[in-house]
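Since the structure comes first, as structure tokens, the remarks are kept for the end.
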Amino acid sequence: MGKYHFNEIEAKWQKHWAENQTFKAENDSNKPKYYVLDMFPYPSGAGLHVGHPLGYIASDIYARYKRHQGYNVLHPQGYDSFGLPAEQYAIQTGQHPAKTTEENIARYREQLDKIGFSFDWSREVRTSNPEYYKWTQWIFIQLFESWYDKDLNKARSIEELRAIFSSEGNVHINAVCDEGIAHFTASEWLGFLETEKQEILLKYRLTYLAETEVNWCPQLGTVLANDEIVNGVSERGGYPVVRKKMKQWSMRITAYAQRLLDGLDKIDWPQPLKDSQTNWIGRSKGATVTFKVENVPSSAVEKSYSIDVFTTRPDTIFGVSFMTLAPEHDLVSKITTAEQKEAVEKYVEATAKRSERERMADVKTITGVFTGAYAEHPFTKEPLPIWIGDYVLAGYGTGAVMSVPCGDQRDYDFAKHFNLPIPNIFKDADISEEAYSDKENTIITNSDFLNDLNYSEATDKIIAALEEKGIGKGKINYRLRDAVFSRQRYWGEPFPIYYKDGMPHVIPTECLPLRLPEVEKYLPTEEGEPPLGRADDWAWDVEKLSVVSCELIDHKTVFPLELNTMPGWAGSSWYFFRYMEDEKRDEVFASKEALNYWKNVDLYIGGSEHATGHLLYSRFWVKFMHDRGLVPVDEPFKKLINQGMILGESAFVGRYSGYFKISVFNIEEVEIQREPLLKDNPIMELISEKAELFVSLKMQDELKILQEKAKIIALENFNNKLEQASKPSFKTEIRIEFLNAQLDLIHSDVSFVNNSNELDIEAFKNWREEYKNAEFITEEDGTFKVSREVEKMSKSKYNVVNPDDICNQYGADTLRMYEMFLGPLEQAKPWNTAGITGVHGFLKKLWKLYHSASPNPSEGGEQEFIVSEDNASKESLKTLHKTIKKTQEDIENFSFNTSVSSFMIAVNELSAEKCNSREVLEPLAILISPYAPHIAEELWEKLGHSESISTAPFPKFEEKYLVESTKEYPISFNGKMRFTLELPLDISKEEIESAVMAHEKTAQYLEGRTPKKVIIVPGKIVNIVG
RNA sequence: GCUCGAGUGGCGGAAUUGGUAGACGCGCUGGAUUCAAAAUCCAGUUCUUUCGGGAGUGUGGGUUCGAUUCCCACCUCGAGUACCA
């Protein structure tokens, strides 16, 4: 073998690596550890396109580099295999989602294997495997058995909470829990029934059951989390989402809001990603204030109510002129007066019906209604009318605001719209057009004891006053909501929960996994229960400790099981720990030894779309697991890199569709059933069907040609129709008149188009039935050209490029290098297959470097492998060491595109130098091996090594080979480079100056002037000013 | 609207601390080799020019001997977010 037969080489090494488990990570090693992870792929039915492996290639290069650096590298891969698409497919086809998931995974694996990744497949995980979700359920139970102690600022066991309740009741408990839990003493607690105790405990658990306002998606038949909704419609499928109250499992992630925020400072993540988590958590500092509702004689119940509000501007409290409640606010029905009842109820009903999307679509329309009730200003005692309005969100703060129209634009707009007073409490502020919301330059006035104070002084003073009066206090508020954890779906983890007396109970951990039951259909039941409601055997027998038939439910020993399943993020919130364990997977989710050895993920690569989903939830779970002593770390991913999207270059075929008026005349005047047919009146007039014609790019402006051609098609179609019908018995003439036309561009599959944008017309015709007989107008040279446009790579745009095809045609090493060569990892960039020949040519050149220049007849006419043991030239060594330095720096900065360039430069230089010495070529193979591992292994073997190149030590950079004695100085005049001058590096500034001044070109550029100044930076530049 | 990021040849992009703008690759042009094609190799390729030179990194200003790089204002594109009190 002498030519670069990449297909053979790659198949050979992929087989070798698999058979020898070359990349198996050791849990017991003297080497330092390094953990490189890719974001969990969901195995979709469409398979991989060239955009998907981008991040995997980058992480693989880094993993291989770290192995060369002497690290014990963990670089695993697996599948986030529960999820909506498989279930939607199951609903449509009746196929079990496990089956399609299996098939999709097989296809993914096949594609991944072709690219030559150094994954340790022995540690693969799949979230839908019972052996895996057993532990997801187990972690859920840990959450259920935990509560959050605000004083210790960590999660603790529920057993400890019970102990506290038994000894001192709940009065001194400072926990993150439901609102409005009644106080009880220890003896009261001990007197409660078990069901009552469970009811109370549920309000403290980190995962709890509650009636919540959720995002219901009727088309998907499930609720969605906030991060699963994009622009008011579902992320998957784009279906509308409405608000609905449902009993749901929730996760008390809000307990961790501050720690999730603080933790961001400790991790090396891209700033935009941190920003979006910061915004999502949405911390704001302010105060809660309680407003008393004035007793209204005509209201339904005569009782004293109060409204709590949260405000970030307590300093503006003297500017309050009314109160606004969210329509969903509990108090609305209680305080509304009889006169306003009808209007209020109508309004509440109307807003409930509006979907999220509608609400978002019209932010501008101001709506609201007066309740008839008044609140009392806590300081001035003025009555404040209480309104409801849907600009106040039920889910944020307390669902009520103190409206300060002079300082808040929304309050201002509302006040203007309903003619409410707008008192001004800002000194020298103009509020005639809009609210004055500047915090920094504000001086408060008309505000009693706050007069003449600025924002921060006034805020401190008012909070002190509120606290003294006991009607408010300083408070930090978060936008982050508790995460809804129930999904009304089949293809997810079952909750290890059964219901006794309406209270949830966990099934014993030794009975896990609680396996997903079989159902005959994947749809909700007629009663609207989730698909698990269709299972025959879905009840828990507490004596037999097993799942039994639903018919046996007696609520004494056999109880119904939970029908919801967990959301997609359950399994992906802890999977990175599972990879750490390789032997004791049956006993633990991951052993202490494994967790302590691998700690956290050192490098995590994936897309930025998971910013507020997976990446927030997994941080939450890890912090929780850390609190409960389950893992030693409190952040999962130390360093994170977002890879940019690879975009597709869609191909567009021009389609001209013209319409004609076709009129049929008879030529002879004949009588048909006594009706004379007259020559000059048409016997028939019709508008032609669209005459479709495909037009090559440069012909698209040739309207005359297009019209002519389209006319022929229209006529042909007409004649065919006429022939199929009965032919008239008289002579006819057809006249045709052009009406109008349009040219549109339609997607063609990019596989029909070559690198010169020429369409394979035959392939295009065979693509669709309706194109079979289509007509094509080509360029003058007979080719048909398409236009190109960069779009997202997607099946529906027919611009998907398959990595398998690239591997077959150019090889995996070429694919890997080219993906890196396209541009910076983090940036979005278009894929253009045409450019791939450059890196492919580079690999061929690299191969040649290790082989004889001319074919050797004794080698069957092929080039012979030739590497000499002679010393390399000075230039070659310089090339090598320059490349070592650059490659190392580039990999460490994740600048993979530039190191591919530097390899090209190195190979170009070494080829020119005719270098073939082992001293240079051996280290060169190692340098390139992270990028192009197959060719590197092959050359390594030819160089006489029997061990894999993958653990060969990375070449050591030595400065001495780069030391120069002279420098080609750029000589600038007023900052413009004019010529260069080679000078020794060891001469003084003065010597440089005299050498430059003595140069003939200097005089030429000075044109007789005397320089004002000569700037000399030794080793860099010379700049002459004047 | 707010937050963040980015604007450099025909294209993807390079220039790591302010120091020769356009590395490397694609494409294009010309040439060698070949019966021919593929492959390979060589030369050229920012624009403009009266062939001396001149202009040039989104726009306008500033700092500097010197700015793609730093500062100010603006324009355009992309991403995220969306009444958060």
Side-chain angles (χ1 to χ4, degrees), chain A residues 3 230-232 270-276 278-280 282-284 286 309-313 316 324 359-360 362-364 366 389-393 395-404 407-411 413-414 437 477-480 608-609 611-612 642 644-645 649 755-756 788 790 817-818 821-824 826-842 844-845 848 886 889-890 893 895 897-905 908 911 968-980 1011-1017 1019-1026:
Chain A
K3 240 182 106 186
V230 178
N231 295 328
Q271 198 55 43
L273 197 61
K274 287 188 183 181
D275 289 347
S276 80
T278 306
N279 292 339
W280 192 262
R283 182 185 200 265
S284 51
V309 301
F310 172 75
T311 173
T312 54
R313 292 296 301 275
T316 63
T324 317
R359 264 180 88 153
M360 276 164 54
D362 95 307
V363 178
K364 299 249 155 57
I366 295 160
D390 74 352
Y391 81 97
V392 178
L393 304 175
Y396 184 73
T398 59
V401 299
M402 56 174 222
S403 299
V404 184
D408 182 287
Q409 194 57 42
R410 291 154 305 169
D411 294 342
D413 293 340
F414 195 85
S437 53
N477 202 50
Y478 300 93
R479 197 184 77 125
L480 185 72
S608 55
E609 66 274 18
T612 51
N642 288 131
M645 212 189 317
E649 268 206 316
N755 291 346
S756 315
R788 294 277 198 169
V790 172
M817 283 214 138
Y818 186 54
F821 187 61
L822 281 177
E826 292 95 328
Q827 237 168 64
K829 57 231 158 216
W831 175 271
N832 176 5
T833 306
I836 206 168
T837 53
V839 285
H840 189 61
F842 156 74
K844 284 197 218 168
K845 251 175 151 174
K848 272 195 192 163
K886 178 92 175 119
E889 282 169 1
D890 283 348
N893 291 320
S895 172
N897 54 325
T898 49
S899 43
V900 177
S901 304
S902 64
F903 292 144
M904 290 175 169
I905 296 167
N908 287 346
S911 299
E968 180 104 342
Y969 275 95
I971 312 299
S972 304
F973 291 79
N974 296 319
K976 278 265 167 216
M977 205 283 287
R978 296 302 180 183
F979 63 93
T980 60
K1012 284 188 195 131
K1013 208 170 173 188
V1014 180
I1015 312 276
I1016 293 165
V1017 184
K1020 291 252 160 125
I1021 52 111
V1022 176
N1023 189 17
I1024 298 163
V1025 189

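Below, chain A is the first sequence line, B the second, and so on; all start at residue 1.
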Exercise. Which label fits B/G25, syn or anti, where anti is any glycosidic angle not within 90° of 0?
Worked result: anti
For this session: Classify the glycosidic conformation of B/G52 as syn or anti, calling it syn when the angle lies within 90° of 0.
Result: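 Syn conformation here, the glycosidic angle of B/G52 being no more than 90° from 0.
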Exercise. According to the Watson-Crick and G-U wobble definitions, with both distances under 3.5 Å, which nucleotide is paired to B/A14?
Worked result: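 Here B/A14 is not engaged in any pair, so there is no nucleotide opposite it.
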Seminar exercise, completed: As its Watson-Crick or G-U partner within any shown strand, both distances under 3.5 Å, B/C35 has none
Closest listed nucleotide, where the reference is the side chain of [X] and the choices are [options]:
X: A/Pro824; options: B/G13, B/A39, B/C26; answer: B/G13
X: A/Phe821; options: B/G25, B/C26, B/A85; answer: B/G25
X: A/Trp280; options: B/C65, B/U81, B/A21; answer: B/U81
X: A/Asp390; options: B/C83, B/C65, B/U16; answer: B/C83
X: A/Thr980; options: B/U16, B/U20, B/A39; answer: B/U20
X: A/Lys848; options: B/C41, B/A39, B/G19; answer: B/C41
X: A/Asn1023; options: B/U20, B/U3, B/G66; answer: B/G66
X: A/Pro272; options: B/C4, B/C65, B/U40; answer: B/C4
X: A/Val401; options: B/A85, B/C41, B/G27; answer: B/A85
X: A/Ile905; options: B/C84, B/A23, B/A39; answer: B/A23

Is [X] close enough to [N] that one of its side-chain N or O atoms is under 4.0 Å from OP1 or OP2 there?
X: A/Ser284; N: B/A85; answer: yes
X: A/Lys829; N: B/G13; answer: no
X: A/Arg978; N: B/G54; answer: yes
X: A/Gln827; N: B/G5; answer: no
X: A/Asn908; N: B/G25; answer: yes

In this structure, how many angstroms lie between the [atom2] atom of [N] and the [atom1] atom of [X], rounded?
X: A/Asn893; N: B/A15; atom1: CG; atom2: P; answer: 10 Å
X: A/Phe973; N: B/G54; atom1: CZ; atom2: P; answer: 12 Å
X: A/His840; N: B/C26; atom1: NE2; atom2: C1'; answer: 15 Å
X: A/Glu968; N: B/G19; atom1: CD; atom2: P; answer: 18 Å
X: A/Asn974; N: B/G54; atom1: CG; atom2: P; answer: 12 Å
X: A/Arg313; N: B/C84; atom1: CZ; atom2: P; answer: 14 Å
X: A/Phe979; N: B/U20; atom1: CZ; atom2: P; answer: 16 Å
X: A/Asp411; N: B/C83; atom1: CG; atom2: P; answer: 15 Å

Is [X] touching bases, backbone alone, or none of the nucleic acid, heavy atoms closer than 4.0 Å?
X: A/Lys274; answer: nothing
X: A/Asn897; answer: sugar-phosphate
X: A/Gln271; answer: nothing
X: A/Arg788; answer: nothing
X: A/Ser902; answer: nothing
X: A/Thr898; answer: sugar-phosphate
X: A/Lys1012; answer: nothing
X: A/Asp275; answer: sugar-phosphate
X: A/Glu889; answer: base

Problem set entry | Geometric class of the A/Tyr396/A/Phe310 ring pair [parallel <30°, tilted 30-60°, perpendicular >60°] | perpendicular
For this session: Check whether any side-chain heavy atom of A/Trp831 lies under 4.5 Å from a side-chain heavy atom of A/Leu822, and answer yes or no.
Result: yes
Problem set entry | side chain to side chain contact (heavy atoms under 4.5 Å, CB included) evaluation trace for A/Phe979 with A/Phe973 | CA-CA 10 Å; A/Phe979 63 93; A/Phe973 291 79; 3.7 Å; yes
Output the distance between atom [atom1] ([X]) and atom [atom2] ([Y]), rounded to the nearest 0.5 Å.
X: A/Ile836; Y: A/Met817; atom1: CD1; atom2: CE; value: 12.0 Å
X: A/Lys845; Y: A/His840; atom1: NZ; atom2: NE2; value: 13.5 Å
X: A/Gln409; Y: A/Ser437; atom1: CD; atom2: OG; value: 7.0 Å
X: A/Asp890; Y: A/Phe903; atom1: CG; atom2: CZ; value: 8.5 Å
X: A/Asn974; Y: A/Ile1024; atom1: CG; atom2: CD1; value: 9.5 Å

Quantified in whole Å, what is the [atom1] atom distance between nucleotide [N] and nucleotide [M]?
N: B/G44; M: B/A23; atom1: P; answer: 12 Å
N: B/C47; M: B/U29; atom1: P; answer: 15 Å
N: B/G12; M: B/G66; atom1: P; answer: 33 Å
N: B/G25; M: B/U45; atom1: C1'; answer: 14 Å
N: B/A73; M: B/U20; atom1: P; answer: 29 Å
N: B/A21; M: B/G58; atom1: P; answer: 16 Å
N: B/A14; M: B/U48; atom1: C1'; answer: 24 Å
N: B/G13; M: B/U40; atom1: P; answer: 25 Å

Exercise. Relative to the 5' end of RNA chain B, which residue comes earlier, A/Asn832 or A/Gly282, by the nucleotide with the nearest heavy atom?
Worked result: A/Asn832
Problem set entry | A/Gly399 or A/Ser901, whichever maps to the more 5' nucleotide of RNA chain B |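 Its nearest nucleotide being more 5', the pick is A/Ser901.
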For this session: Determine, stepwise, if the pair A/Arg410 / A/Val392 fulfils side chain to side chain contact (heavy atoms under 4.5 Å, CB included).
Result: CA-CA 9 Å; A/Arg410 291 154 305 169; A/Val392 178; over 6 Å; no
Exercise. Between A/Glu649 and A/Thr833, is a side chain to side chain contact (heavy atoms under 4.5 Å, CB included) present by the stated rule, with each step listed?
Worked result: CA-CA 9 Å; A/Glu649 268 206 316; A/Thr833 306; over 6 Å; no
Exercise. Is the base of B/U40 touched by the side chain of A/Lys845 through a donor-acceptor pair closer than 3.5 angstrom?
Worked result: no
